[in-house]
**Student:** 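Input: one structure, supplied below.
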There are 4 protein chains.
Amino acid sequence: MAFFDGLSAEHLKQFIERIERLEEEKKTIAEDIKEVFAEAKGTGFDAATMRTIIKLRKKDQADLEEEEYLLDTYKRAMGMLPEISGEDEKVA
Amino acid sequence: MAFFDGLSAEHLKQFIERIERLEEEKKTIAEDIKEVFAEAKGTGFDAATMRTIIKLRKKDQADLEEEEYLLDTYKRAMGMLPEISGEDEKVA
Amino acid sequence: MAFFDGLSAEHLKQFIERIERLEEEKKTIAEDIKEVFAEAKGTGFDAATMRTIIKLRKKDQADLEEEEYLLDTYKRAMGMLPEISGEDEKVA
Amino acid sequence: MAFFDGLSAEHLKQFIERIERLEEEKKTIAEDIKEVFAEAKGTGFDAATMRTIIKLRKKDQADLEEEEYLLDTYKRAMGMLPEISGEDEKVA
DNA sequence: TGGCGTATCTTCTTCC
DNA sequence: GGAAGAAGATACGCCA
């Protein structure tokens with residue numbers, strides 16, 4: 001890109017301002033979310049657990065099982081779980 | 001803690017779903033922003049430079065406040081403003 | 001605080017420099033940690049799972065069970081787990 | 001993925017423990033920093049202002065690079081430097 | 001003086 | 001792989 005004529009400069013300005021408006025909206029929503037958490041907390045709910053629930057609901061079941069399986073594998077390697085006996089593939 | 005009666009369970013569910021809706025909105029806006037960048041790029045503008053511009057315009061505002069804050073800090077350090085709490089004379 | 005005599009100014013400078021040195025050390029160690037993760041990844045291990053393991057090992061068993069229990073409570077409230085039958089205390 | 005043979009399990013364990021040791025060191029240094037702030041506070045200095053000073057001293061270096069980067073960005077926008085990729089004439 | 005809310009700082013993830 | 005943004009952890013200051 002080299003330099004802009006007046007028309008392009010105006011065009012650029014419009015893009016920039018649209019983005020700034022959208023970012024403003026995004027920020028507002030982020031604040032709304034915080035408020036809901038605060039309200040839930042005031043009602044006696046635990047925010048951290050709520051976040052965990054929301055995260056879980058986002059993930060699909062297959063991924064969830066895969067993750068859990070992987071974690072168990074590592075736990076077993078670290079001696080945090082009893083060994084299993086049935087031979088399987090070895091990796092790494 | 002034990003478990004929730006039906007009313008509380010319902011209440012929790014409503015909080016969770018409100019947050020999920022808000023996060024959905026936030027995500028939509030984030031995508032809108034990306035689209036504007038894409039459109040601007042299609043028109044021949046450079047996204048990285050636009051980001052720089054936006055950052056600068058944000059800074060300009062933030063810096064006004066920052067400057068003012070810093071000025072006060074140093075004024076206080078120079079004894080040109082009253083201390084936050086008690087103590088007024090040379091210390092340390 | 002008001003203003004500093006030469007001695008105090010020198011004293012302040014020493015505090016600042018001690019902190020800057022310590023922060024430098026901290027940064028170095030943070031980089032070392034990143035390197036170990038990178039090396040582990042190169043050997044075929046998954047960094048995310050490793051982080052989970054490390055986090056789990058940090059928490060004591062009692063807290064872990066409490067957290068899991070709380071999470072189950074919320075899951076049940078959200079219908080993500082089958083209900084249990086034995087009556088207990090109700091909260092919230 | 002399946003599970004690890006003894007050798008790999010041992011390898012994983014070593015990575016984990018190296019990281020845990022490093023994190024322990026990092027934590028120690030963080031505590032040292034807090035102590036220095038506490039000591040400074042005990043001597044009559046204000047921690048918040050000290051943090052501001054440290055941030056400024058960091059910025060001074062970062063800003064040199066930032067300024068240079070920004071200058072290039074604008075030079076490029078003004079056609080005073082070759083573009084990163086192709087296109088050289090007035091566009092948009 | 002201990003809990004609560006805020007604010008900063010760091011960490012983690014995503015996008016380029 | 002490096003930067004930008006979101007998320008999470010931590011630390012400070014206030015109020016009761």
Side-chain angles (χ1 to χ4, degrees), chain A residues 19 22-24 26-35 37-42 44 46-55 58-59 63 67, chain B residues 19 22-27 29-38 40-41 46-56 58-59 62 65-66 69 83-86, chain C residues 19 22-23 26-27 29-31 33-35 37-38 41-42 46-52 54-55 58-59 63 67, chain D residues 19 22-23 26-27 29-38 40-41 45-52 54-55 58-59 62 65-66 69-70 73 84-85:
Chain A
I19 290 166
L22 287 166
E23 287 188 345
E24 198 55 40
K26 190 149 72 85
K27 193 182 169 190
T28 301
I29 293 178
E31 284 160 358
D32 289 347
I33 292 172
K34 279 186 73 174
E35 276 174 42
F37 273 115
E39 193 189 337
K41 186 178 180 181
D46 175 63
T49 308
M50 287 176 67
R51 285 180 204 280
T52 304
I53 294 287
I54 291 167
K55 200 183 289 179
K58 252 184 224 146
K59 291 185 192 173
D63 287 345
E67 258 174 50
Chain B
I19 291 166
L22 287 166
E23 287 189 344
E24 198 54 41
E25 286 181 47
K26 190 151 75 84
K27 193 181 169 189
I29 293 178
E31 284 160 358
D32 289 348
I33 292 172
K34 281 183 69 175
E35 273 174 43
V36 179
F37 273 115
K41 187 177 179 180
D46 175 60
T49 308
M50 287 176 68
R51 285 180 203 280
T52 304
I53 296 288
I54 291 166
K55 197 187 289 181
L56 284 176
K58 246 186 229 145
K59 238 189 193 172
E65 296 165 36
E66 172 72 9
Y69 168 72
E83 274 308 300
I84 289 165
S85 64
Chain C
I19 291 166
L22 287 166
E23 287 188 344
K26 188 150 76 86
K27 192 180 169 189
I29 294 178
E31 285 161 357
I33 292 172
K34 282 185 71 176
E35 274 174 44
F37 272 114
K41 187 178 178 180
D46 176 62
T49 307
M50 287 175 68
R51 284 178 204 281
T52 305
I54 290 166
K55 201 182 289 178
K58 253 185 221 147
K59 291 185 194 173
D63 287 347
E67 258 174 50
Chain D
I19 292 166
L22 287 166
E23 286 188 345
K26 189 151 74 85
K27 193 180 170 189
I29 293 178
E31 284 161 358
D32 289 347
I33 291 172
K34 278 186 71 175
E35 274 174 42
V36 179
F37 273 114
K41 187 177 179 180
F45 295 108
D46 175 60
T49 307
M50 287 175 67
R51 285 179 204 281
T52 304
I54 290 166
K55 197 187 290 180
K58 246 185 227 149
K59 239 189 191 173
E65 296 165 34
E66 172 72 9
Y69 168 72
L70 269 183
T73 302
I84 290 164
S85 64

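So that the names make sense, note that chain A is the first sequence line, chain B the second, and so on, each numbered from 1.
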**Student:** Can you list everything that forms a side chain to side chain donor-acceptor pair (under 3.5 Å) with D:Thr49? Sequence neighbours excluded, please.
**Tutor:** D:Asp46
**Student:** For A:Glu39, what residues pass the salt bridge (Lys or Arg N to Asp or Glu O under 4.0 Å) criterion, not counting sequence neighbours?
**Tutor:** B:Arg18
**Student:** To the nearest Å, how far apart are D:Glu23 CD and F:dT10 C1'?
**Tutor:** 15 Å
**Student:** Along nucleotides 11-16 of chain E, 5' to 3', which nucleotides get a B, which get an S, and which get a -, given that the test is a protein heavy-atom distance under 4.0 Å?
**Tutor:** SS---S
**Student:** Check the distance between F:dC12's P and D:Phe45's CZ and give it to me in whole angstrom.
**Tutor:** 18 Å
**Student:** Considering just the side-chain nitrogens and oxygens of A:Lys41, establish if one lies under 4.0 Å of OP1 or OP2 belonging to E:dG5.
**Tutor:** yes
**Student:** D:Lys27 has an atom NZ; how far is it from atom P of F:dT10, in whole Å?
**Tutor:** 9 Å
**Student:** Using the test side chain to side chain donor-acceptor pair (under 3.5 Å), find all partners of D:Glu23 that sit at least two apart in sequence or belong to another chain.
**Tutor:** C:Lys58
**Student:** Going by heavy atoms in the side chains, are B:Glu25 and B:Leu22 under 4.5 Å from each other?
**Tutor:** yes
**Student:** Would you mind reading off the distance between C:Glu67 atom CD and F:dA9 atom C1', rounded to a whole angstrom?
**Tutor:** 14 Å
**Student:** Sequence neighbours excluded, which residues qualify as salt bridge (Lys or Arg N to Asp or Glu O under 4.0 Å) partners of B:Lys59?
**Tutor:** none
**Student:** Can you check the A:Phe37 CZ to E:dC4 P distance for me, whole Å?
**Tutor:** 18 Å
**Student:** Find the distance B:Glu24:CD to F:dA6:P and express it as a whole number of Å.
**Tutor:** 15 Å
**Student:** Without decimals, in angstroms, what is the distance between D:Met50 CE and F:dC12 C1'?
**Tutor:** 15 Å
**Student:** Partners of A:Glu35 by side chain to side chain donor-acceptor pair (under 3.5 Å), sequence neighbours excluded?
**Tutor:** none
**Student:** Could you state the CD1-P distance from C:Ile54 to F:dA9, rounded to the nearest angstrom?
**Tutor:** 15 Å
